[in-house]
Amino acid sequence: MSTWVPVADVARHEGHEITIKGWLYHRTDKGKLKFLMIRDGTGLIQGVMFKKAVPQAAWEAADRLTQESAIVVRGRVRADARAPGGYEIEVTDLEVVHRAEPDYPIQPKEHGVGFLLHHRHLWIRSPRQATILRVRATVKRAICDWLDTHGFVNVDTPILTPAAVEGTTTLFEVDYFGEPAYLTQSGQLYNEANIFALGKVYCFGPTFRAEKSKTRRHLTEFWMVEPEMAYATLEDVMEVTEQLVAHVVHEVLTRHRHELQARLNRDVSRLEKVTPPFPRLSYDEAVELLRRKGFEEFPWGEDFGAPHETAISEEFEKPVFVYHYPTQCKAFYMEEVPGRPDVCRSVDLLAPEGYGEIVGGGQRAASLELLARRLQEHGLPRDAYEWYLDLRRYGSVPHAGFGLGLERTIAWICGLDHVRETIAFPRMLERMYP
RNA sequence: UCCUCGGUAGCUCAACUGGCAGAGCGCCCGGCUGUUAACCGGGUGGUUGCAGGUUCGAGUCCUGCCCGAGGAGCCA
């Protein structure tokens, strides 16, 4: 009985007899010799099968093997320059656990996006997709590791909420025992309550936006990590953000450098430059930059669109902070800039290479009077926010936080052209299957 | 919601100015001891998105609808 070894560890067993449990990715027959490409979720390995080296039953079973058939292969590990990855298994026996039906729809070749998304439950088996999902897991772990070791307490905020955080047009409504409730857009307001109990906190989970957005940067269900800090300012947000993002990129490079290059064709030299500090640009300076770069007509006070974000970010090798946005284009809870009521203590982090905004945050309005006025100006129902206003009645302090979009961050790190590949089962406008 | 492009075999795509519905891959059969999306020979495969219209004749032109992709606005 030989040892069951994950494909990723095969190199460490050179010269030894091992067992691989996986699925047939591809097969090439050459008369009395067969090449079996086997995937097991940890990697891809080539099995070489000579007719004279295996029992007749195994040879005949291999003859009938279809793509994605579940197989257990035994054999000796050998280094061979002709094998993809440098190692292969000299097969001595084969057991077919399940012979897949012969019409597996996804071939190792080009397919259209619509077709692949319709078969997402099978598409995720493709090595490229599996790699992205592994990177996602690393990104999530790196985020939690960094926050956990820097004094942040992980607190879960509700997914079902009674009211909108930022306007009702982009909320998914659900029936809550006959009353309307909404899927959360953000855990921020609850986190602002949590900091008074715990100091520094973060929530990390799915959020939902019913935006009719159909672009490479949008999902209707996406994940955000939202740190929030008591006794903190806008400057603290920028420092924490750059430390966190740099740590995440570093961890991905440490664990997945080879996969990023081999499976995703990612230019990792771009990622190696992502070290603190990141450049900081005020909104005023960003507008000036845009006007120099061909957007002469860009009006002060507008939020940036995708072309503007790209134009700004391509001036820098690292992610770039843009802070002090116009008050009019940000949410009601932003703190004022002293002496400049037209701008607020907000910040966005724009990823390089045109990936756009991956972080939005700022310092929160600390005074009851300002917050109450803003609620009115934004036409929000005060009743629903009474609990939130309490936070400014009992020990209000300067505080700040941000939200980092997981899918956009992964798309940038992996160099993908659409966020839909960064999550196993993306939820998009007009696509809920599978 | 708006703009642009598209829908032909299981997949990726051809089909000139309206004139016999095609190829590669897949799948099935046969061959090959070093394949890398192998190669060679044979076979299989169609309500051209749906409904109507024009025409001797429509995949091709016209109208409506459905579906998909890219982008805009909004956002992470």
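Excluded from the calculations below are hydrogen atoms, water molecules and symmetry mates; all remaining heavy atoms, backbone and side chain alike, are included. Letters A, B, ... are given to chains in the order of the sequence lines, protein chains preceding strands, and every chain is numbered from 1.
Within the 4.0 angstrom heavy-atom criterion, no nucleotide atom of any strand lies near A/Glu101. Residue contacts shown for A/Ile106 are absent, as no nucleic acid heavy atom lies under 4.0 Å away. Within the nucleic acid shown, A/His418 comes within 4.0 Å of sugar-phosphate atoms alone, with no base atom in reach, counting heavy atoms only. Within the nucleic acid shown, A/Val359 comes within 4.0 Å of sugar-phosphate atoms alone, with no base atom in reach, counting heavy atoms only. Note on A/Asp348: nothing from the nucleic acid sits closer than 4.0 angstrom, heavy atoms only. Within 4.0 Å (heavy atoms only), A/Arg128 reaches no atom of the nucleic acid at all. Heavy atoms of A/Gly112 sit under 4.0 angstrom from primed sugar atoms or phosphate atoms, though from no base atom. Residue A/Lys52 is classed as a base contact, given a heavy-atom separation below 4.0 Å to a base.
Within 3.5 Å, a donor on the side chain of A/Ser213 pairs with an acceptor on the base of B/rG73, or the reverse. Put simply, the side chain of A/Arg78 and the base of B/rG34 share a donor and an acceptor less than 3.5 Å apart.
Neither OP1 nor OP2 of B/rC28 sits under 4.0 Å from any side-chain N or O of A/Arg64. For A/Arg420, a side-chain nitrogen or oxygen approaches OP1 or OP2 of B/rG70 to under 4.0 Å.
Spacing between B/rU12 and B/rG49 at atom P, rounded to whole Å, works out to 14 Å. To the nearest whole angstrom, the two P atoms, one in B/rA69 and one in B/rU54, are 35 Å apart. With both ends at atom C1', the span from B/rC39 to B/rC32 equals 9 Å, rounded to whole Å. The gap from the C1' atom of B/rA58 to that of B/rG53 amounts to 11 Å, rounded to the nearest Å. B/rG7 sits 10 Å from B/rC13 when the P atoms are compared, rounded to a whole Å. Rounded to the nearest Å, the gap between the C1' atom of B/rC62 and that of B/rG46 is 25 Å. A gap of 47 Å separates the P atoms of B/rG73 and B/rG22, to the nearest Å. For the C1' atoms, the distance from B/rU60 to B/rG71 is 28 Å, rounded to whole Å.
Remark: A/Lys21 engages A/Trp4, A/Thr19, A/Val72 in a side-chain contact (heavy atoms from CB on, under 4.5 Å) (not counting sequence neighbours). Partners of A/His308 under the ring-ring contact (aromatic ring centres under 6.0 Å, His included) rule, at least two apart in sequence or in another chain, are A/Phe295, A/Phe298.
When each of A/Glu407 and A/Ala81 is assigned the nucleotide of RNA chain B bearing its nearest heavy atom, the one mapping closer to the 5' terminus is A/Ala81. Heavy-atom distances to RNA chain B give each of A/Arg431 and A/His308 a nearest nucleotide, and the one nearer the 5′ end belongs to A/Arg431.
Among the nucleotides B/rA76, B/rG10, B/rU33, the one closest to the side chain of A/Phe50 is B/rU33. Closest contact between the side chain of A/Arg209 and the listed nucleotides B/rG34, B/rC75, B/rA72 involves B/rC75. Closest to the A/His218 side chain, of the nucleotides B/rA76, B/rU33, B/rC11, is B/rA76. Picking from B/rA72, B/rA76, B/rC11 the nucleotide with the shortest atom distance to the side chain of A/His111 gives B/rC11. Comparing B/rG10, B/rU33, B/rG73 by their closest approach to the side chain of A/Leu33 singles out B/rU33. Nearest nucleotide to the side chain of A/Asp29, out of B/rC32, B/rG34, B/rA72: B/rC32.
Taking atom CG of residue A/Leu36 and atom P of nucleotide B/rA37, one finds them 15 Å apart after rounding to whole Å. Taking atom CG of residue A/Leu183 and atom P of nucleotide B/rC75, one finds them 20 Å apart after rounding to whole Å. One can place NE2 of A/His119 at 14 Å from C1' of B/rU12, the figure rounded to the nearest angstrom. In this structure, the CD1 atom of A/Ile89 is 17 Å from the C1' atom of B/rU35, given to the nearest Å. The distance from atom CZ of A/Arg27 to atom P of B/rG34 is 17 Å, rounded to the nearest whole Å. Between the C1' atom of B/rA76 and the CD atom of A/Gln188 lies a distance of 13 Å, rounded to the nearest Å. As a whole-Å value, the separation of A/Arg217 CZ from B/rG70 P is 12 Å. The CE-P distance, from A/Met428 to B/rG71, rounds to 12 Å in whole Å.
With a 4.5 Å cut-off on side-chain heavy atoms, A/Trp300 and A/Arg291 count as touching.
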If the sugar-phosphate is the primed atoms plus P, OP1 and OP2 and the base is the rest, what is the B/S/- string for nucleotides 21-27 of chain B, using protein heavy atoms under 4.0 Å? ---BBSS

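Shown here is A/Arg280, whose CZ atom has more than 12 heavy atoms of other residues, nucleotides or ligands within 6.0 Å.
Ion pairing between a basic and an acidic side chain is recognised when a charged N comes within 4.0 Å of a carboxylate O; A/Glu335 and A/Arg364 show no such pairing.
In this model, no donor atom of one side chain and acceptor atom of the other lie less than 3.5 Å apart for A/Asp284 and A/Ser282.
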Using the rule given for ring pair (Phe, Tyr, Trp, His ring centres under 6.0 Å), can you reason through A/Phe316 versus A/Phe278, listing the C-alpha separation, both sets of side-chain angles and the distance that settles it, and then say yes or no? CA-CA 9 Å; A/Phe316 305 92; A/Phe278 298 165; over 10 Å; no

Please test A/Arg134 against A/Glu259 for salt bridge (Lys or Arg N to Asp or Glu O under 4.0 Å), starting from the C-alpha separation and ending with a verdict. CA-CA 10 Å; A/Arg134 268 192 290 273; A/Glu259 283 177 293; 3.1 Å; yes

Run A/Tyr333 and A/Tyr385 through ring pair (Phe, Tyr, Trp, His ring centres under 6.0 Å) and show every step you take. CA-CA 11 Å; A/Tyr333 46 69; A/Tyr385 291 90; 9.6 Å; no

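Both tests hold for A/Lys330 against A/Tyr325: distance to the six-membered ring centre under 6.0 Å, angle to the ring axis within 45°. Annotation: cation-pi pair A/Lys34/A/Trp59 present, NZ/CZ under 6.0 Å from the ring centroid and within 45° of its normal.
Between A/Phe115 and A/His119, the ring-plane angle classifies as tilted under the 30° and 60° cut-offs.
Within the structure, salt bridge (charged side-chain N to carboxylate O under 4.0 Å, His left out) contacts touching residues 404-419 of chain A (residues at least two apart or in different chains) are A/Arg136-A/Glu407.
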Atom pairs, protein N/O to nucleotides 2-8 of chain B N/O, distance under 3.5 Å:
none

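Under the 3.5 Å distance criterion, the side-chain polar atoms of A/Arg125 are left unmatched by any main-chain donor or acceptor of A/Tyr25. Listed for the A/Lys200 side chain is a donor-acceptor partner under 3.5 Å among the backbone atoms of A/His150.
In this pair, A/Phe222 lays its aromatic ring flat on the base of B/rA76, centres within 5.5 Å and planes under 30 degrees apart.
Counting only Watson-Crick and G-U wobble pairs whose two key distances fall under 3.5 Å, RNA chain B forms stems of three or more stacked pairs at B:1-7 with B:66-72, B:10-13 with B:22-25, B:26-31 with B:39-44, B:49-53 with B:61-65.
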